[in-house]
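No experiment lies behind these values; they were computed from the predicted model shown. Naming convention: chains lettered A, B, ... in sequence-line order (proteins, then strands); numbering from 1 in each chain.
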Amino acid sequence: MRYAMAIDTKKCVGCSDCVVACQTENNVPIGYCRDWIVEVNDGTYPQLEMEIRSERCNHCDNSPCVRCCPTGASHIVEGGIVLVTANECIGCGACISSCPYDARYPHPDGHVDKCTFCFHRVGKGQQPACVEVCPTNCMYFGDLDDPKSEVSEILKIRKYKTLIPQAGTEPQVYYLI
Amino acid sequence: MREEIITSGRMNDKIDPFLNIWHWEIPLYLFLGGLAAGILFFAAFYSIRGKEKEFPSAIEKAPLIVPALLIIGLISLFLDLNHKLYFWRLYTTIRLESPMSWGAWVLMIITPLSFIWAAIHLKKVYPNFKWPFPWLDIVEEFFIKYKKVLAWSMLVSALILGMYTGILLSAFNARPLWNTSILGPLFLVSGLSTGAATNILFAKTHLEKKTFSTIDLALIGIELFLIVHLFMGLLASTQVQIEAANLFLGGPYTAVFWVLVVLIGMIIPAVIEILELWKFKIPLLIPAIMVLFGGVLLRFIITFAGQTSRWLY
């Protein structure tokens, strides 16, 4: 099993609903976020291009955060989801420094926190909170090893990219372009 | 001109607008760890070669401060942790892939070693010193009997400690400035150089002063060579690494690095040491303090500059 997410940059309007849904679902402390909106404006007037993305932890196949964690608090569970066990985390900041996407943050309680792909929901067969609420239906979540899953189907027919593939992290959030 | 403007809605504390997770604690520890490694390396090295008579300060005196250096370093590492009460989790596992795990375990080994080394030399430095309990004399005798084993394990763990202070940073692919394998040797050599400088401060005889200022001179030469290669490597690499090098070549860290670290911390002390070895009478206290100053700043600047270097996408 390999969970992955595909996000359609052509459909995303940057409404931040996914950000708020995540904060509510996961009790994210005020002032922090596990997912966020990035807007890229490319070119000069009048030849302008804009891309809007909802970004989060990429649950990398080759995850530097798991590699550098001195206690094993950062670990990979079934489906390739990268998780942090709060009471094993010493808050040293190594994983935060190691993430090229800066997807992790120090939780005010001391441990490190990040997107979990809503592991608690996915296990019950539900979609992650951000995917569930997206008003434009621009996010697809599922198992890449299952060729019939929604995410496998959409990646078959659409062009896509990942973020900083040259960092060698093998990210598993795909952006449809 | 083609322009790209990236706007992000993320504003996490200590992460945005640029990474700011490590403050003074980490570079201070990197300096103290390197310094402790340097002092213990020379003590073990000369002790193994049986030069107790020639180098009493390096073998007996200077290592007396190492336990204090390591304890201050450990306290600052502890202060750096955000989840302090869980620090013991470091010692419930060994993770070979994680430099920080290596560091935690090597500190677990070298700190007691440094205490034992200091303890068995207390009587030589302070002849009137007596242990309060007689059983401590028996323990002391035991360790003096196995001093060679002690020296060898100290030599190896000092080298790992000195090397690891650099590898800790160079293992992070996400920060292009740190992500160069030169950083391990550079921090090791800089640690040895600060160790030699401390030995100069403690030295009483002309032979010791001369030996350590010659060693320090050679180490500064290697350091300068490694710094040149650090920038050659970064400039010959990818876009993000070129940008990282430019932090020091015209960017915000140019003046502090080249003036305070390279000029005051390396070149001027090297020139003073050459003049002193040649024929002039200059107190070696001056270059030794300058080398220590440069060693502290090297860690601070690399740690802070590295956090501002990043991948852009």
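- Of the two parts of Cys92(A), the backbone and the side chain both hold a non-hydrogen atom closer than 4.5 Å to a non-hydrogen atom of chain B.
- No donor-acceptor contact under 3.5 angstrom links the side chains of Ser74(A) and Arg67(A), judged on distance only.
- The contact list for residues 103-117 of chain B toward chain A, using heavy atoms and a distance under 4.5 Å, is empty.
- Rounded to the nearest 0.5 Å, atoms SG (Cys118(A)) and CD (Gln126(A)) are 9.0 Å apart.
- The side-chain heavy atoms of Ile26(B) and Leu77(B), taken from C-beta on, include a pair separated by under 4.5 Å.
- Your options are Phe172(B), Trp178(B), Tyr91(B), and the one with the most heavy-atom pairs under 4.5 Å with chain A is Phe172(B).
- Here Asp35(A) contributes atom CG and Cys22(A) contributes atom SG; the two are 4.5 Å apart, rounded to the nearest 0.5 Å.
- Contact annotation for Asn173(B): only side-chain heavy atoms (C-beta onward) come within less than 4.5 Å of a heavy atom of chain A.
- For residues 154-161 of chain B, a heavy-atom distance under 4.5 Å to chain A picks out no residue at all.
- Residue with the most contacts toward chain B among Gly31(A), Pro64(A), Ala73(A), Pro106(A): Pro106(A) (heavy-atom pairs, distance under 4.5 Å).
- Ion pair Lys10(A)/Glu51(A) not flagged as a salt bridge, since none of the NZ, NE, NH1 or NH2 atoms sits closer than 4.0 Å to an Asp/Glu carboxylate oxygen.
- Between Thr169(A) and Tyr101(A), the side chains place a donor N or O and an acceptor N or O closer than 3.5 Å (distance only, hydrogens not considered).
- At most 12 non-hydrogen atoms from other residues, nucleotides or ligands lie less than 6.0 angstrom from CD of Glu78(A).
- Of the listed residues (Gln307(B), Arg175(B), Met100(B)), the greatest number of heavy-atom pairs within a distance under 4.5 Å of chain A belongs to Arg175(B).
- Remark: Glu97(B) engages Arg95(B) in a salt bridge (charged side-chain N to carboxylate O under 4.0 Å, His left out) (not counting sequence neighbours).
- In terms of heavy-atom pairs under 4.5 Å with chain B, the best-connected choice from Cys69(A), Ser16(A), Cys99(A) is Cys69(A).
- With salt bridges taken as basic N to acidic carboxylate O contacts below 4.0 Å, one links Glu132(A) and Arg121(A).
- For the options Ser98(A), Gly168(A), Pro108(A), Ala86(A), heavy-atom pairs under 4.5 Å to chain B are most numerous at Ser98(A).
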* Any chance you could lay out the salt bridge (charged side-chain N to carboxylate O under 4.0 Å, His left out) test for Arg34(A) and Asp113(A), step after step, and finish with the verdict? => CA-CA 8 Å; Arg34(A) 289 184 179 184; Asp113(A) 199 29; 3.0 Å; yes

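- Of the charged side-chain nitrogens involved, at least one lies within less than 4.0 Å of a carboxylate oxygen, so that Arg310(B) and Asp102(A) count as a salt-bridged pair.
- In plain terms, the two heavy atoms of Lys124(A) and His120(A) that are nearest each other are CE-O, 3.3 Å.
- Proximity to chain B (any heavy atom under 4.5 Å) is restricted, for Asp109(A), to the backbone atoms N, CA, C and O.
- In this structure, Asn41(A) CG and Thr7(B) OG1 are separated by 6.0 Å, a value rounded to the nearest 0.5 Å.
- Shown here is Phe231(B), whose CZ atom has more than 12 heavy atoms of other residues, nucleotides or ligands within 6.0 Å.
- For Gln47(A), no part sits under 4.5 Å from any heavy atom of chain B, backbone or side chain.
- Contacts of residues 11-24 of chain B with chain A at a heavy-atom distance below 4.5 Å involve Met11(B), Asn12(B), Asp13(B), Lys14(B), Ile15(B), Leu19(B), Ile21(B), Trp22(B), listed in sequence order.
- Of the listed residues (Val66(A), Leu48(A), Asn87(A), Ile52(A)), the one with the most heavy-atom contacts under 4.5 Å to chain B is Asn87(A).
- For the atom pair Ser76(B) OG and Leu30(B) CG, the distance stands at 9.0 Å (nearest 0.5 Å).
- Note that the OG1 atom of Thr194(B) and the CG atom of Leu32(B) stand 9.5 Å from one another [nearest 0.5 Å].
- When the candidates His107(A), Glu49(A), Glu88(A) are compared by the number of heavy-atom contacts under 4.5 Å with chain B, Glu88(A) comes out ahead.
- Only the backbone of Ile37(A) comes within less than 4.5 Å of a heavy atom in chain B; its side chain stays farther off.
- Smallest separation of non-hydrogen atoms from Ile90(A) and Tyr86(B): CG2-O, 3.0 Å.
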* Assess whether ring-ring contact (aromatic ring centres under 6.0 Å, His included) is satisfied between Phe141(A) and Phe117(A), documenting all intermediate values. => CA-CA 9 Å; Phe141(A) 182 84; Phe117(A) 261 178; 5.1 Å; yes

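- By number of non-hydrogen pairs under 4.5 angstrom with chain A, the leading residue of Ser8(B), Pro176(B), Gly9(B), Gly306(B) is Ser8(B).
- Environment of NZ in Lys156(A): crowded, with over 12 heavy atoms of neighbouring residues, nucleotides or ligands closer than 6.0 Å.
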